[in-house]
**Student:** 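Structure provided below as structure tokens; questions to follow.
Order of the sequence lines sets the chain letters (A, B, ...), proteins ahead of strands, with each chain counted from 1. This one's a predicted model, so the numbers in the text were calculated from it and none came from an experiment.
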Amino acid sequence: MLDAKLIREHSDLVKQKLSERGRAIDLDPFLTLDKKRREMLQEIEKLRFERNQASDNIARIKKEKKEVPPDVFSSLKISSQRIKVLEDELKAVEPQIADCLLTIPNIPHSSVPVGHSSDDNPEIRHWGSPPAFSFQPKPHWEIGEQLQILDFNRGAKITGARFTLYRGAGALLERSLINFMLDLHTRQHGYTEVLPPFMVNRQTMTGTGQLPKFEDDLFKIDGLDYFLIPTAEVPVTNIYQNEILEEESLPLYYAAYTPCFRKEAGSYGQDTRGLIRQHQFNKVELVKFSTPETSYAELESLLLNAEEVLKRLGIHYRVVCLCTGDLGFSSAKTYDIEVWLPSQKVYREISSCSNFEDFQARRASIRYRKKENKKIEFVHTLNGSGLAVGRTLVAVLENYQQEDGSIAVPEVLRPYMGGMETIR
RNA sequence: GGAAGGAUGGCCGAGAGGUUGAAGGCGGCGGUCUCGAAAACCGUUAUACCGUGUUGAACGGUAUCGAGGGUUCGAAUCCCUCUCCUUCCGCCA
């Protein structure tokens, strides 16, 4: 959510910045309603002031055991009724304003390249190089089925399309990746592990920006206003919803493993084979709360923390910076880490690391008290996948496949796999 | 699922229709005292919004005692609905 004052006072600048996202956003409904609201507020507050003074008078007269003239009550009753009418009108306008505000996306940071689509995302850096194969590398779904560690048919039978049954070393590999990532981030990178609820309420979902605009992408619990989380970002960022933190406690680092549930509406026909696009997948998420002064430095270190997972696994990847046209709704700046998949010779997104600045903090009301002058400000929130576990498993299978169809287990995972060196 | 109780400021805890943003205590901050500290004493101690003003000084106003509605000239206080928490019974991992 943007600052209403900013939109009100610098509407042209805001309009221009938002247009870089590629779609014109009409701020006029907000500006009109906001003006109306302030006019109503002023009238209501003036009437309430008068009523409060008159009420105090009555109290004083009664204290002196004197009689209150009856017409005082009757005229106050009329003004009270007038206040109530105005309050009802105001209450009708306020949700409309909130609606406008909640559907306006974040302003891209000045360092974000202007562009239209993912084709315009510049590569920031890459690490390693694609592995050389002396044979034709297979896609992960073939590898998984041949080794009987991934069972797509039975996943579909149990639930439906885009659900997969992991079996034996496949299930163990997934669990090992989760543990490896959590251990790395908690022991080496200073994150505190949390295990949050996997369902959240509407307010929490609104706090991070998934609602009200993207309800179609979410699984909702029937009969309750609860939703399955699409990412741990949602429950973890909302840990401090409606709280005021002390500046000394910042920055805060959290790492969380959770499954993620997404409807993937509008992606029919895309990535139908394999694990790339599932309705349920595992992810280790990194979340940071920082002061505005340090949030961009925190974004760079968060990105490095996520990259470290692939470095230790020894898998080639590149980092791109999302251009203005490709930027997510809530984000001011996002880096994607894209991992190399040799079967298709493409890079696929495996992590998305973003600085939301105060956009989510304003929605969820997450603030901090400055040490210097005790003033209260919104924190900056950041998060990034560290990493998407299913896609990491895909990358391991494809990059570590051997000519005989077996998989060499990456060195760092062996302690987690009971010493297993090869999946065959 | 049944029964009972509860929700007040950073925390504990009063308040039971009328200058109550809310006693008292704890904690925090500033000060006096001290070589320093402790103790004692004095002072201070919320947030949001609107307006005037400034560029982020100050002042005025309004709202906020779990949430929403109602009664009333006036509600933390009375009534209704909801949410959450606690305890007991049952059930369950």
Side-chain angles (χ1 to χ4, degrees), chain A residues 1-10 13 30-98 100-102 195-207 221 223-227 235 238-250 252 291-293 358 361-379:
Chain A
M1 185 163 76
L2 298 178
D3 184 2
K5 226 178 260 169
L6 180 76
I7 305 175
R8 191 187 298 151
E9 289 167 11
H10 305 281
L13 184 76
F30 166 77
L31 293 169
T32 309
L33 288 166
D34 177 63
K35 186 155 181 276
K36 192 171 163 194
R37 171 181 168 267
R38 280 177 298 139
E39 285 165 3
M40 292 166 95
L41 241 193
Q42 280 170 46
E43 189 179 352
I44 289 172
E45 292 191 347
K46 182 167 155 271
L47 286 170
R48 285 206 277 225
F49 175 55
E50 289 164 7
R51 184 196 62 190
N52 289 350
Q53 286 196 320
S55 278
D56 287 350
N57 254 327
I58 293 171
R60 207 170 300 126
I61 291 168
K62 286 213 165 169
K63 212 170 196 174
E64 292 164 10
K65 304 261 190 258
K66 288 184 195 154
E67 278 299 303
V68 180
D71 60 304
V72 169
F73 289 115
S74 56
S75 77
L76 270 177
K77 191 176 180 104
I78 290 166
S79 97
S80 257
Q81 281 164 352
R82 171 83 183 132
I83 290 171
K84 193 158 286 173
V85 170
L86 287 169
E87 281 174 342
D88 286 346
E89 286 176 27
L90 183 68
K91 255 176 239 161
V93 169
E94 276 176 336
Q96 294 177 43
I97 293 175
C100 287
L101 232 36
L102 288 173
L195 185 64
F198 302 160
M199 288 180 210
V200 299
N201 61 33
R202 183 171 289 274
Q203 189 187 344
T204 295
M205 212 50 113
T206 305
I221 305 301
L224 284 171
D225 215 16
Y226 292 170
F227 300 84
N238 278 283
I239 289 174
Y240 294 113
Q241 128 188 167
N242 294 318
E243 291 193 33
I244 298 172
L245 305 167
E246 294 302 327
E247 183 171 0
E248 293 95 309
S249 70
L250 299 174
L252 287 162
T291 61
E293 290 77 19
D358 63 7
R362 185 172 285 109
R363 285 174 162 249
S365 190
I366 308 168
R367 296 172 294 173
Y368 77 104
R369 197 184 309 275
K370 295 191 85 135
K371 194 181 163 74
E372 185 196 349
N373 54 10
K374 304 274 175 207
K375 288 236 162 133
I376 290 168
E377 284 188 14
F378 290 108
V379 302

**Student:** Mind checking if A/Phe49 touches a base, just sugar-phosphate, or nothing, with heavy atoms under 4.0 Å?
**Tutor:**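 The residue A/Phe49 makes sugar-phosphate contact but no base contact.
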**Student:** Using atom P in both nucleotides, what's the gap between B/rA57 and B/rU19 to the nearest angstrom?
**Tutor:**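 Roughly 34 Å separates the two P atoms.
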**Student:** If I take atom CD from residue A/Glu377 and atom CD from residue A/Glu247, how far apart are they, to the nearest 0.5 angstrom?
**Tutor:**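 A/Glu377 atom CD to A/Glu247 atom CD measures 8.5 Å (nearest 0.5 Å).
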**Student:** Quick check for you: to the nearest 0.5 Å, what is the distance between A/Leu102 atom CG and A/Arg363 atom CZ?
**Tutor:**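 Rounded to the nearest 0.5 Å, the CG-CZ separation comes out at 4.5 Å.
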**Student:** Looking only at atom C1', what distance separates B/rA76 and B/rU72, rounded to whole Å?
**Tutor:**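 About 16 Å, rounded to a whole number of Å.
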**Student:** NA contact type, A/Lys375, heavy-atom cut-off 4.0 Å: base, sugar-phosphate, or nothing?
**Tutor:**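 Here A/Lys375 touches the bases of the nucleic acid.
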**Student:** Drop me the distance from A/Gln203's CD to A/Asn201's CG, to the nearest 0.5 angstrom.
**Tutor:**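 Rounded to the nearest 0.5 Å, the CD-CG separation comes to 6.0 Å.
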**Student:** Roughly how far apart, to the nearest Å, are B/rA23 and B/rA37 at atom P?
**Tutor:**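 So the two P atoms sit 31 Å from each other.
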**Student:** Quick one: CG on A/Asp358 to CG on A/Leu2, what's the gap to the nearest 0.5 Å?
**Tutor:**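 CG of A/Leu2 is found 8.0 Å from CG of A/Asp358.
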**Student:** Check this for me, if you would: do A/Glu89 and A/Lys36 make a salt bridge, where the nitrogen-to-carboxylate-oxygen distance has to be below 4.0 angstrom?
**Tutor:**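 Salt bridge: no.
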**Student:** Under 4.0 Å, counting only non-hydrogen atoms across every strand here, what does A/Leu41 touch: a base, just sugar-phosphate, or nothing?
**Tutor:**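 The answer is sugar-phosphate, as A/Leu41 gets under 4.0 Å only of primed atoms, P, OP1 or OP2.
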**Student:** For RNA chain B, what string of dots and brackets results from 5' to 3' when Watson-Crick and G-U pairs need both distances under 3.5 Å, crossing pairs get [ ], and pairs with another strand get |?
**Tutor:** ((((((((.[[[..)..(.....]]]((((((.......))))))(((((((.....))))))).[[[[[..)....]]]]])))))))....
**Student:** Using the P atoms only, state how far B/rC12 lies from B/rU86, rounded to an integer number of Å.
**Tutor:**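 Pairwise P distance, B/rU86 against B/rC12, rounds to 15 Å.
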**Student:** Hey, does A/Arg51 reach any base, or is it just sugar-phosphate, or nothing, if we go heavy atoms under 4.0 Å?
**Tutor:**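 Sugar-phosphate contact only - A/Arg51 comes under 4.0 Å of backbone atoms but never of a base.
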**Student:** Which part of the nucleic acid does A/Arg202 contact within heavy-atom distance under 4.0 Å: base, sugar-phosphate only, or nothing?
**Tutor:**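 If one applies the 4.0 Å heavy-atom cut-off, A/Arg202 turns out to touch nothing in the nucleic acid.
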**Student:** Pick the nucleotide of RNA chain B nearest each of A/Asp56 and A/Glu50; which residue has the one closer to the 5' end?
**Tutor:**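 This one resolves to A/Asp56.
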**Student:** Base, sugar-phosphate, or nothing: which does A/Ile376 touch, judged by heavy atoms less than 4.0 Å apart?
**Tutor:**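 Result for A/Ile376 = sugar-phosphate.
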**Student:** For the C1' atoms, the ones on B/rU20 and on B/rG36, what distance do you get once it is rounded to whole angstrom?
**Tutor:**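 Between the two C1' atoms, the distance is 43 Å.
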**Student:** Starting at OH of A/Tyr368, measure out to CG of A/Leu250 and round the result to the nearest 0.5 Å.
**Tutor:**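 The CG atom of A/Leu250 is 7.5 Å from OH of A/Tyr368, to the nearest 0.5 Å.
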**Student:** Looking only at atom C1', what distance separates B/rC84 and B/rU8, rounded to whole Å?
**Tutor:**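 About 16 Å, rounded to a whole number of Å.
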**Student:** Report the distance from atom OG1 of A/Thr204 to atom CZ of A/Phe227, rounding to the nearest 0.5 Å.
**Tutor:**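 Rounded to the nearest 0.5 Å, the OG1-CZ separation comes out at 10.5 Å.
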**Student:** Say we look at B/rG56 and B/rU71: how far apart would their P atoms be, to the nearest angstrom?
**Tutor:**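 That atom pair is separated by 48 Å.
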**Student:** With a non-hydrogen cut-off below 4.0 angstrom, is A/Lys62 in contact with a base, only sugar-phosphate, or nothing?
**Tutor:**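 Base, at least one base heavy atom under 4.0 Å.
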**Student:** By nearest nucleotide on RNA chain B, pick out whichever of A/Tyr226 and A/Ile44 is the more 5' one.
**Tutor:**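 Per heavy-atom nearest nucleotide, the more 5' residue is A/Ile44.
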**Student:** Should A/Glu39 and A/Lys35 count as an ion pair when the cut-off is N to O under 4.0 Å?
**Tutor:**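 Yes, charged N to carboxylate O under 4.0 Å.
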**Student:** With a 4.0 angstrom cut-off to heavy atoms of chain A, pull out the first and last contacting nucleotide of RNA chain B, in 5'-to-3' order.
**Tutor:**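 Answer, 5' to 3': B/rG18 to B/rG74.
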**Student:** Under 4.0 Å between a side-chain nitrogen and a carboxylate oxygen: does that hold for A/Arg60 and A/Asp56?
**Tutor:**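 Result for this pair is no, no salt bridge flagged.
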